[in-house]
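To keep things clear, I will list the structure first and then write my remarks on it.
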Number of protein chains: 2
Amino acid sequence: MAVPGLERRFRERGLRRTPQRVAVWSDFAGHPGSTIREAAARLQRAGIGQATVYRAVRALEEAGLIVRFAAPHGEVRFAAVLDHAHLLVCERCGHVEPLQECGLHAYEAELARRSRFRVRGHTLIVYGLCPECQESP
Amino acid sequence: MAVPGLERRFRERGLRRTPQRVAVWSDFAGHPGSTIREAAARLQRAGIGQATVYRAVRALEEAGLIVRFAAPHGEVRFAAVLDHAHLLVCERCGHVEPLQECGLHAYEAELARRSRFRVRGHTLIVYGLCPECQESP
DNA sequence: CTTGCTGCAAAAATTTTGCAGGTGT
DNA sequence: ACACCTGCAAAATTTTTGCAGCAAG
């Protein structure tokens with residue numbers, strides 16, 4: 001799977017671009033909102049060990065290539081990202097939809113000025129009910 | 001500790017307002033960005049069992065009274081919230097600062113219209129370096 | 001009252017680690 | 001080359017559960 005910015009992000013972070021790490025990232029990209037457990041089960045069929053999945057998740061998360069978020073029922077789920085992380089999550093069925101823009105850049109700049117933090121990025125998770133789940137009781 | 005909206009939020013969700021749950025919420029309010037482990041250690045000294053802390057965290061999270069987020073190194077941390085959750089997190093030292101506004105309401109409305117989700121709320125985590133950590137190498 | 005919450009300790013599940021090869025750069 | 005990554009299985013850690021009594025509404 002050729003992902004434009006991915007290779008660069010690996011290099012920038014000094015991460016080796018191994019097939020396993022690409023596979024883990026791709027799995028989350030293809031199944032946004034998976035738990036580590038679910039991803040590991042799928043990847044294990046491709047011969048990737050459990051420990052490797054955990055190690056890759058940690059590396060990718062520190063590199064900002066995936067994000068972790070709280071899904072309904074306190075579950076920890078992940079989704080692949082390339083730049084900012086903006087997700088729309090259904091609280092009922094757990095469906096995750098990546099968002100394109102967030103209109104937060106102005107706010108971020110304002111915040112950096114007021115807080116004296118050096119702002120590097122942000123994660124925005126919007127919770128709600130997806131169209132399907134609005135139907136069923 | 002008398003927290004204005006807290007009692008109402010408990011009632012709205014059908015949660016019993018027990019001393020233990022209030023203690024757990026207050027602990028995260030007083031130590032934003034704690035892990036469950038750290039909170040449990042503090043609360044255990046007050047005679048609150050480990051299992052109770054885990055059960056309270058689940059209940060409070062489902063009620064939207066605390067939020068879970070990913071801190072540096074993949075750690076899962078929590079912070080108390082009353083309404084929206086807007087946090088400024090230092091990636092180096094883990095310091096967490098709650099934010100007041102987020103300027104996202106217009107975006108949320110726009111999003112609801114375009115995505116056909118029924119948007120209920122959101123969590124915004126801004127990552128960066130706090131003033132202290134900008135100094136030290 | 002009645003239903004749900006708590007504490008304790010044990011059980012289950014998840015995550016990390018040590019080590020002997022591989023592999024990317 | 002050589003530092004870093006992987007797989008395996010075991011070890012460590014975290015989270016959940018069963019149960020008897022307590023307590024909130």
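Letters go in sequence order (proteins before strands), and every chain restarts at 1.
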Can any side-chain N or O of A:R58 pair as donor or acceptor with the backbone N or O of B:G74 at less than 3.5 Å?
no

Tell me: CD1 of A:I48 to C1' of C:dG22, nearest whole Å?
15 Å

Does anything in residues 62-76 of chain A form a salt bridge (charged side-chain N to carboxylate O under 4.0 Å, His left out)? List the pairs, not counting sequence neighbours.
A:E61-A:R68, A:E75-A:R77

Aromatic rings B:H122 and B:H86: how do their planes relate, parallel, tilted or perpendicular, breaks at 30° and 60°?
parallel

Report yes or no: does A:Q134 contribute a side-chain atom to a donor-acceptor pair with the main-chain N or O of A:L129 at less than 3.5 Å?
yes

Give me the distances for all protein-to-nucleotides 12-19 of chain C N/O pairs that come in under 3.5 Å?
unit_1 : atom_1 : unit_2 : atom_2 : d
C:dT14 : OP1    : A:R37  : NE     : 2.5
C:dT14 : OP2    : A:R37  : NE     : 3.1
C:dT15 : OP2    : A:Y54  : OH     : 2.6
C:dT16 : OP1    : A:R58  : NH2    : 2.8

Of the listed nucleotides D:dA24, D:dG7, C:dG7, the one nearest the side chain of B:P19:
D:dA24

Tell me whether the side-chain N/O atoms of B:T18 come closer than 4.0 Å to OP1 or OP2 in C:dT6.
yes

Which pair of heavy atoms, one from B:W25 and one from B:L60, lies closest together, and at what distance?
N-CD1, 3.9 Å

In terms of heavy-atom contacts, B:V67 and B:V81 come closest through CG2-CG1, 4.0 Å

Does OP1 or OP2 of D:dC5 have a side-chain N or O of A:T52 closer than 4.0 Å?
no

Closest non-hydrogen atom pair between B:L87 and B:A79, with its separation:
CD1-CB, 4.0 Å

For B:F10 and D:dG25, what is the distance between atoms CZ and C1' respectively, to the nearest whole Å?
15 Å

Between A:Q20 and D:dG7, is there a contact of a side-chain N or O with OP1 or OP2 at under 4.0 Å?
yes

I need the CH2-P distance between A:W25 and D:dC5, as an integer number of Å.
19 Å

Should A:F78 and A:V24 count as side-chain neighbours, where that means a heavy-atom distance under 4.5 Å?
no

What integer distance in Å separates B:Q44:CD from C:dT6:P?
14 Å

Take the protein atom CZ of B:R11 and the nucleotide atom P of D:dG25, then report the distance between them rounded to whole Å.
9 Å

To the nearest angstrom, the CG-C1' distance between B:L43 and D:dT15 comes to 16 Å

Roughly, in whole Å, what's the span from CZ in A:R13 to C1' in D:dC4?
18 Å

Report, one pair per line, the protein and nucleotides 1-4 of chain C atoms (nitrogen or oxygen only) whose separation is under 3.5 Å.
unit_1 : atom_1 : unit_2 : atom_2 : d
C:dT3  : O2     : B:R16  : NH1    : 3.4
C:dT3  : O2     : B:R16  : NH2    : 2.6
C:dG4  : O4'    : B:R16  : NH2    : 3.2
C:dG4  : N3     : B:R16  : NH1    : 3.3

Could you tell me whether the side chain of B:H31 reaches within less than 4.5 Å of the side chain of B:R42, counting heavy atoms only?
yes

